[in-house]
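Quick caveat: nothing in here was measured; it's all calculated off a predicted structure. Indexing begins at 1, ligand by ligand and atom by atom, following the structure's order. Here, residue 1 is the first one in the sequence, and each next residue gets the next number. Both backbone and side-chain heavy atoms feed into the values below; hydrogens, waters and symmetry mates do not.
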Amino acid sequence: MRTILSTTELADLRASLALWFGQNARALPWRETTDPYHIWLSEVILQQTQVLQGLGYYFRFIDAFPTIQDLAKANEDDVLRLWQGLGYYSRGRNLLRAARVVVDEFGGNIPRELEQIKRLPGVGPYTQAAVLSFAYNLPHAAVDGNVYRVVSRLLGIDEPIDTPSGQKLFRALAQELLDPEEPGRHNQAMIELGALCCTPRRPSCQACPFAQLCVAHRQGNQLSLPVKQGKIKVTERYLHYFLVRIHSAGSIYTLIRRRGKGDIWEGLYELPLVETPEPQTLEGIFSTQDCGNLFEGLEGLVVHPKPVATLKHRLTHRLLHANLYLAEARSYTPRTTEGGYLLIDEEQRGQYGMPILLDKMLSSL
Ligand code: ADE
């Protein structure tokens, strides 16, 4: 895991967040208690529900079922009647099922162990961490929509928040930021900062305790973060690589070139490449402008008609379809102008760093 901020920056960040929270926190009833049942109840109610609307439900549930034993004894109709208006009724049903598991299997105590609390129906990673940290002050970062927004802006991370790998990354980063001394307060404060200050459309950066450190604030791209995969326009590109083999004096040589500035593969080596915005046949590839220059200097070029390897590669904004063609040539006369190739012994190809997708195709041969 990379370290994202220096120890001093982390300490400053935690301290300024705590100070901000002390001055700005709303007085909410689930913050005035450490009763794990009440905290869990509030978190289940607040999923997909605004705080103001959630308050009434929270009080009515606690009135009707003051303890988890009372809830476990309830019948489903009574619970769903109280849940009415919140929507997502499976949450209400899971609430009852989970209360029964707690009473039947955990002696009425909401577990403190991650492995155990995970077994409660409807209790996902956010709710697990929220209950463990708010009720027991255990060091688990609770990452809800507010926290995704705060972390992605603070650290300037455009990894999508709605993919499993993105969520894993944001949870790990939030865990690094977490104040190990006061994890419960820290989690509440991150949520509150996202809800009151680092808001989706009109963030109040001038009042934000993170403004000095915030990458998005410095770059002015707060409104573009966080990124959602569902909203990204993915363009498809077709990459046609050519492994050109030149037989000479008992060895096989091949052509590579270093990629210039401008993209994620900058500075890596690659084989001769033609990019097209649509799928292309070999004939189509050869009729493109790029291709004319591509094979300049090659004598007696013969390309095998079918790709010897193909691969799909997904990047945040691109879906790449790569083909690898095999070609033979008698000789290569290097160009004197910019952009010529390096002629290397094929056996030494592994010494040149290439994009993973090209590496994968080459090692499949
Ligand atoms: N939304 C979800 N959990 C919350 C909490 N504990 N405080 C405020 N807003 C929330």
When you compare the side chain of Ile45 with that of Phe61, does any pair of heavy atoms fall below 4.5 Å?
yes

Within-4.5 Å side-chain heavy-atom neighbours: Trp30 and Val51:
yes

For the ring pair Phe65 and Tyr37, is the centre-to-centre distance below 6.0 Å?
no

Correct closest heavy-atom pair for Ala322 and Leu357 would be CB-CD1, 3.6 Å

Can you find a pair of side-chain heavy atoms, one from Asp179 and one from Leu10, that are under 4.5 Å apart?
no

Verdict with reasoning, Tyr332 to Tyr253, per ring pair (Phe, Tyr, Trp, His ring centres under 6.0 Å):
CA-CA 10 Å; Tyr332 174 63; Tyr253 295 89; over 10 Å; no

Which N or O atoms of ligand 1 sit under 3.5 Å from a protein N or O, and how far apart is each pair?
unit_1   : atom_1 : unit_2 : atom_2 : d
ligand 1 : 3 (N)  : Glu43  : OE1    : 2.8
ligand 1 : 3 (N)  : Glu43  : OE2    : 3.2
ligand 1 : 3 (N)  : Tyr126 : OH     : 3.2
ligand 1 : 6 (N)  : Glu43  : OE2    : 2.8
ligand 1 : 6 (N)  : Gln188 : OE1    : 3.3
ligand 1 : 7 (N)  : Trp30  : NE1    : 3.4
ligand 1 : 7 (N)  : Arg31  : NH2    : 3.2

